[in-house]
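Working notes for the structure below.
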Amino acid sequence: MNDMGRFRQAVVEWAAGGAGASGAGAAARELAAGAGLRTVVLVEGGSDRVAVEALAARHGRDLDEERVSVVPLGGATSIGRFVDLCGPEGLDVRLAGLCDVAEERFFRRALERAGIGSDLTPDGLESLGFYLCDADLEDELIRSLGADLIQHVVEEQGELRAFRTFQNQPAQRDRTVEQHLHRFLGTHSGRKAQYARELVSSLDLDRTPRPLERLLAHL
């Protein structure tokens, strides 16, 4: 694991609190200073981190080499804690982020409380490097790639039969194929991360979802 990976691990443990938080905080501070940490990108979950890093790689960029750490919050409601630790009152590094549109209020409040902007609108958030997914990153990718291509990716992953079985469940029969795909991709965390990487790898870069494109440009 490189310095950015160790920093990410340390700051997540620090934010979680508990017996190891003090040591994790000291490690995070040491790594941030020693590695020349430039930016912390706050995203909701591990699949979002995978997508951001995969898109950077598609553009020939290594965010670790650029001293950018993409940190999953484990849920949007934790954003305040991470802003406190990494923002002006903590490590004082540049922050950026990606979140679902429904969770915008948590990000906005955390940034305002930390003195990073005031009366923030979606445009105001973007000016700070925080971008909203409508409704979430999976939805953004489904719209960009289209249902047919995503089903091809599912087939390549050896899960098309499982997907067809899922589609035939009574609760799914009145839903669209796009809704089926969204639910199927998110049925467990391992699958979300797996497909985040595969879908970004299959993406026509000219059709990159706007929040991902703008975030990467900001970095």
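Atoms considered below: every heavy atom in the structure, side chains included; atoms not considered: hydrogens, waters and symmetry mates. If you read the sequence from its start, that first residue is 1, and numbering goes on from there.
- Between the Arg58 side chain and the Ser201 main chain, a donor and an acceptor come within less than 3.5 Å of each other.
- Rounded to the nearest 0.5 Å, atoms OG (Ser127) and CG (Leu120) are 7.0 Å apart.
- A 4.5 Å side-chain heavy-atom check between Phe163 and Leu181 finds at least one atom pair inside the cut-off.
- Heavy atoms from other residues, nucleotides or ligands lying under 6.0 Å from CD of Gln169 number more than 12.
- Taking CG from Leu91 and CZ from Phe7, the interatomic distance works out to 5.5 Å, rounded to the nearest 0.5 Å.
- Separation of atoms SG (Cys133) and CG (Leu212) is listed at 6.0 Å; rounding is to 0.5 Å.
- Atom CG of residue Leu132 and atom CZ of residue Arg108 lie 10.5 Å apart, to the nearest 0.5 angstrom.
- The cluster map of Ile, Leu, Val, Met, Phe, Trp and Tyr, joined by side-chain heavy atoms under 4.5 Å apart, puts Leu205 and Leu149 in the same cluster.
- Here the side chains of Phe130 and Leu98 are not in contact, with every heavy-atom distance at 4.5 Å or above.
- Using a 3.5 Å distance cut-off with no hydrogens or angles, the side chains of Arg183 and Gln167 do not pair a donor with an acceptor.
- The pair Glu198-Lys192 does not meet the salt-bridge criterion, since no charged nitrogen lies less than 4.0 angstrom from a carboxylate oxygen.
- Residues Val154 and Tyr195 form a side-chain contact, since some pair of their non-hydrogen atoms from C-beta on lies under 4.5 Å apart.
- Hydrophobic clustering places Leu111 together with Val71 (ILVMFWY residues linked when any side-chain heavy atoms are closer than 4.5 Å, directly or through intermediates).
- Within the 3.5 Å criterion, the main-chain N or O of Gly74 finds no donor-acceptor partner in the side chain of Ser78.
- Here the CD-OG1 distance, from Glu103 to Thr77, works out to 8.0 Å after rounding to the nearest 0.5 Å.
- A 4.5 Å side-chain heavy-atom check between Asp139 and Arg143 finds at least one atom pair inside the cut-off.
- Two residues are said to be in side-chain contact when any heavy atoms from C-beta on lie closer than 4.5 Å; Val70 and Leu42 fail this criterion.
- Atom CZ of Arg197 has 12 or fewer neighbouring heavy atoms from other residues, nucleotides or ligands inside a 6.0 Å radius.
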Salt bridge (charged side-chain N to carboxylate O under 4.0 Å, His left out) assessment of Arg210 paired with Glu140: CA-CA 8 Å; Arg210 183 181 182 278; Glu140 295 275 4; over 6 Å; no
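- Side-chain contact, Glu178 with His182: no donor N or O sits under 3.5 Å from an acceptor N or O.
- A chain of hydrophobic side-chain contacts below 4.5 Å, direct or via other Ile, Leu, Val, Met, Phe, Trp or Tyr residues, connects Val43 to Val200.
- Residues Arg8 and Glu13 are not in side-chain contact: their nearest non-hydrogen atoms beyond the backbone lie 4.5 Å or more apart.
- Applying the side chain to side chain donor-acceptor pair (under 3.5 Å) rule to Arg29 yields no partners; only residues at least two apart in sequence or on another chain are considered.
- For Glu44 (side chain) and Asp100 (main-chain N/O), a donor-acceptor pair under 3.5 Å exists by modelled atom type.
- Classification of Asp84 and Arg113 as a salt-bridged pair holds, one side-chain N sitting under 4.0 Å from a carboxylate O.
- The environment of CG in Asn168 is crowded: more than 12 heavy-atom neighbours from other residues, nucleotides or ligands sit within 6.0 Å.
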Report, one line per pair, each donor and acceptor closer than 3.5 Å where one atom sits in a side chain of residues 31-41; sequence neighbours left out.
from, atom 1, to, atom 2, distance (Å)
Arg38, NE, Glu66, O, 3.2
Arg38, NH2, Leu219, O, 3.2
Thr39, OG1, Arg94, NE, 3.0
Thr39, OG1, Arg94, NH2, 3.1

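- Looking only at side-chain heavy atoms (C-beta outward), Ile116 and Pro88 come within less than 4.5 Å of each other.
- Below 30°, between 30° and 60°, or above 60°: for Phe166 and Phe184 the angle between ring planes is between 30° and 60°, a tilted geometry.
- Separation of atoms CG (Leu55) and CZ (Arg61) is listed at 9.0 Å; rounding is to 0.5 Å.
- Considering only heavy atoms from C-beta on, Leu95 comes within 4.5 Å of Cys86 through its side chain.
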